[in-house]
Amino acid sequence: MAASGNKQYSWLDGKFIAADSANVQILTHSLQYASGVFDGLRAYKTAKGTAVFRLNEHIARLFNSAKIYDIEIPYTAKELAQATLSLIKRNNLESCYIRPFVFYNDNKIGLSPIGKKVSVFIAAVPFGAYFASGKEKGISCRISSWRRINSSIMPPEAKASGNYANSILANVEARKAGADEAIMLSIDGSVAEGSAENIFLVQDGKLVTPSKDSDILQGITRDSILKIAQNMGLETEQRKVHAEELYTSQELFFTGTASEVTSIIKVDSKKIGSGKPGPITKMLAEKYSEVVLGSDTEFGGWLTYL
Ligand code: PMP
């Protein structure tokens with residue numbers, strides 16, 4: 001959290017600017033056409049000081065998202081990693097959410113982004129739990145009537161602003177129907193992901209998650225959980241998942257930088273397992289927490305200290 005009264009900054013094209021005056025014009029290309037790419041990271045307060053979780057992997061994904069959209073980022077990965085660390089320090093934040101955003105900073109009307117100025121913005125802001133009370137109690141989900149974008153239409157592997165129009169349709173539908181979040185299916189009817197989370201199923205002690213060909217964002221938390229689970233001796237499987245398997249699994253949970261490990265205790269009208277966060281979910285959530293907080297040394301290399 002930021003010390004009170006502490007002036008907050010953002011980073012824009014190599015300069016720190018006051019966070020409350022980081023503005024663009026409404027006609028900005030990426031605002032009109034959702035042509036930006038971004039990423040989302042967390043920094044945690046550890047016993048050895050503040051550390052960003054899997055900084056290099058997030059920055060690498062940002063560059064891959066940009067590459068898919070033919071956006072040339074005018075900085076190196078090293079420069080953006082350094083800017084991220086400096087911004088957190090400058091804002092005097094012990095823990096925070098970090099949002100790097102690459103966008104066409106041009107307000108002339110016209111769809112083609114070719115030749116338009118690319119800007120990079122980074123925000124570092126205090127941030128708590130993504131699902132209020134979800135961590136302890138678990139959340140409810142609804143299978144969306146909106147299908148997840150397919151890579152023949154839009155690339156789900158890019159963390160691109162435009163993809164979130166699809167996520168928002170699903171999220172709003174779920175929320176208006178009284179659920180906390182949506183679970184989206186792929187065009188082929190298999191399970192893809194939440195609006196901003198990957199999903200895991202626990203089946204007879206085995207961890208199952210939709211494979212990379214299931215129209216998912218390749219989540220960094222997903223990767224972390226797979227590695228943590230394997231390290232704990234849990235069997236893991238990445239494959240196409242039928243929608244009905246959601247109902248019959250003993251446990252379900254979401255993973256994401258913002259949502260961390262969040263138990264899903266209800267899908268549509270059906271209770272999942274006992275209707276409470278299950279033992280494997282709780283064990284993985286606890287282990288994930290130890291890893292991000294630096295109290296587990298096995299995955300210490302995932303932390304970049306300020
Ligand atoms: N899927 C989508 C669509 C997301 O927006 C996110 C959040 N970035 C995730 C999955 C989880 O990814 P990560 O674990 O890298 O945050």
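In this chain, residues are counted from 1 in sequence order.
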message: Under the criterion salt bridge (charged side-chain N to carboxylate O under 4.0 Å, His left out), I'd like the reasoning laid out for Asp204 against Lys206: C-alpha separation, chi angles, the key distance, then a yes or no.
response: CA-CA 6 Å; Asp204 302 322; Lys206 189 203 283 183; over 6 Å; no
- request: Please step through side-chain contact (heavy atoms from CB on, under 4.5 Å) for the pair Cys141 and Asp180, ending with a clear verdict.
  value: CA-CA 6 Å; Cys141 287; Asp180 296 304; 6.0 Å; no
task: In sequence, state the C-alpha distance, the side-chain angles, and the governing distance for Arg239 and Val208, and then conclude on side-chain contact (heavy atoms from CB on, under 4.5 Å).
output: CA-CA 7 Å; Arg239 61 167 171 83; Val208 178; 3.8 Å; yes
message: Run the side-chain contact (heavy atoms from CB on, under 4.5 Å) test on Lys212 and Arg222 for me, step by step, so that the C-alpha distance in whole Å, both residues' side-chain angles and the decisive distance to 0.1 Å come before the verdict.
response: CA-CA 11 Å; Lys212 289 178 181 173; Arg222 174 186 179 278; 4.3 Å; yes
field: Test log, rule side-chain contact (heavy atoms from CB on, under 4.5 Å), inputs Lys117 and Asp13
entry: CA-CA 11 Å; Lys117 181 185 175 196; Asp13 293 335; 3.4 Å; yes
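Judged as a ring-ring contact (aromatic ring centres under 6.0 Å, His included), not a single pair has a partner in residues 215-239 (not counting sequence neighbours).
Gly110 approaches His29 most closely through the heavy-atom pair O-CD2, 3.4 Å. The shortest heavy-atom contact between Ser119 and Leu12 is CB-CD1, 4.3 Å. Closest approach of Ile216 and Pro210 over heavy atoms only: CD1-O, 3.7 Å. The two residues Thr50 and Ala43 have their closest heavy-atom pair at CG2-CB, 3.9 Å. Scanning all heavy atoms of the two residues, the minimum distance from Ala192 to Asp215 falls at CB-O, 3.8 Å.
Side-chain contact of Arg54 with Thr257: a donor-acceptor pair under 3.5 Å is absent, judged by distance alone. A donor-acceptor contact closer than 3.5 angstrom links the side chains of Ser35 and Ser30. A donor-acceptor pair shorter than 3.5 Å cannot be found between the side chains of Thr221 and Glu260. Thr262 and Ser259 are not linked by any side-chain donor-acceptor pair at a separation below 3.5 angstrom, with hydrogens and angles left out of the test. Using a 3.5 Å distance cut-off with no hydrogens or angles, the side chains of Gln238 and Thr209 do not pair a donor with an acceptor. If you check the side chains of Gln250 and Gln203, you find no donor sitting under 3.5 Å from an acceptor. No side-chain N or O of Thr28 forms a donor-acceptor pair with one of Asn107 less than 3.5 Å apart.
A distance of 6.0 Å or more separates the ring centres of Trp11 and Phe101.
A single hydrophobic cluster is not seen to contain both Val120 and Tyr33; linkage of ILVMFWY side chains at heavy-atom distances under 4.5 Å, directly or through other members, places them apart. In the hydrophobic cluster analysis, where Ile, Leu, Val, Met, Phe, Trp and Tyr join through side-chain heavy atoms closer than 4.5 angstrom, Val292 is grouped apart from Val52. When the side chains of ILVMFWY residues are joined at heavy-atom separations under 4.5 Å, either directly or via intervening members, Ile122 and Val102 end up in a single hydrophobic cluster. In this structure, Met184 is not a member of the same hydrophobic cluster as Met154, with clusters built from ILVMFWY side-chain heavy atoms closer than 4.5 Å. Hydrophobic clustering, with ILVMFWY side chains joined whenever heavy atoms are under 4.5 angstrom apart, keeps Leu87 apart from Tyr44.
In this structure the side chain of Tyr104 reaches within 4.5 angstrom of the side chain of Val118, judged on heavy atoms. Thr46 has its side chain out of reach of Phe53: every pair of non-hydrogen atoms, C-beta onward, lies at least 4.5 Å apart. With a 4.5 Å cut-off on side-chain heavy atoms, Leu62 and Leu80 count as touching. Contact of the Phe254 side chain with the Ser263 side chain is not registered, since no non-hydrogen atoms from C-beta on lie closer than 4.5 Å. Proximity of Val191 to Leu201: side-chain heavy atoms (C-beta onward) are nowhere separated by under 4.5 Å. Proximity of Lys116 to Phe103: side-chain heavy atoms (C-beta onward) are nowhere separated by under 4.5 Å. Under the 4.5 Å side-chain criterion, counting only non-hydrogen atoms from C-beta, Leu185 is not in contact with Ser190. Between Ile225 and Phe200 the shortest side-chain heavy-atom distance falls below 4.5 Å.
Residue Leu111 qualifies as enclosed at atom CG: its count of foreign heavy atoms under 6.0 Å is above 12. Counting non-hydrogen atoms of other residues, nucleotides and ligands closer than 6.0 Å to CD of Glu244 gives a total above 12.
Separating the CD atom in Glu181 from the CG atom in Asn171 is a distance of 5.0 Å, to the nearest 0.5 Å. Distance check, rounded to the nearest 0.5 Å: OH of Tyr130 to CD1 of Ile139 gives 9.5 Å. Put simply, CD on Glu157 and CG on Asn64 are 9.0 Å apart, with the number rounded to the nearest 0.5 Å. Atom-to-atom distance recorded for Arg147:CZ and Leu169:CG is 14.5 Å, nearest 0.5 angstrom. Between Ser140 atom OG and Ile264 atom CD1 the span is 9.5 Å, to the nearest 0.5 Å. Rounding to the nearest 0.5 angstrom, the gap separating the CD1 atom in Ile109 from the CG atom in Leu27 is 5.0 Å.
Side-chain N or O atoms of Asn198 include one that pairs as donor or acceptor with a backbone N or O of Leu217 at under 3.5 Å. Checking side-chain atoms of Ser186 against main-chain N and O of Gly189 turns up no donor-acceptor pair under 3.5 Å. In this structure, Glu173 contributes its side chain and Ser145 its backbone to a donor-acceptor pair below 3.5 Å. At least one donor-acceptor pair under 3.5 Å links the side chain of Glu245 to the backbone N or O of His242. A donor-acceptor contact shorter than 3.5 Å links the side chain of Arg61 to the backbone of Gln218. Between the side chain of Asn91 and the backbone N or O of Leu93, no donor-acceptor pair lies under 3.5 Å.
At least one test fails for Lys67 against the ring of Phe63: distance under 6.0 Å to the centre or angle within 45° of the axis. Under the 6.0 Å distance and 45° angle rule, Arg42 does not count as a cation-pi partner of Tyr97.
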Using residues 265-276 as the side-chain source, report each donor-acceptor pair under 3.5 Å to any protein atom, sequence neighbours left out, with the distance given to one decimal.
{"unit_1": "Asp268", "atom_1": "OD1", "unit_2": "Ile143", "atom_2": "N", "d": "2.9"}
{"unit_1": "Asp268", "atom_1": "OD2", "unit_2": "Tyr247", "atom_2": "OH", "d": "2.5"}
{"unit_1": "Ser274", "atom_1": "OG", "unit_2": "Lys276", "atom_2": "N", "d": "3.3"}

Kindly list each side-chain donor-acceptor pair under 3.5 angstrom involving residues 280-290, sequence neighbours excluded, with atom names and distances?
{"unit_1": "Thr281", "atom_1": "OG1", "unit_2": "Glu251", "atom_2": "OE1", "d": "2.6"}
{"unit_1": "Lys287", "atom_1": "NZ", "unit_2": "Asp296", "atom_2": "OD2", "d": "2.8"}

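A salt bridge does not link Asp39 with Lys159: none of the charged nitrogens is closer than 4.0 Å to a carboxylate oxygen. Residues Asp188 and Lys240 are paired through a salt bridge, judged by an N-O separation under 4.0 Å between the basic side chain and the carboxylate.
Ring geometry for Phe299 against Trp302 counts as parallel: the plane angle stays under 30°, on a 0 to 90° scale with 60° as the upper cut. Ring orientation note: the planes of Phe38 and Tyr164 are tilted relative to one another, at an angle of 30° to 60°.
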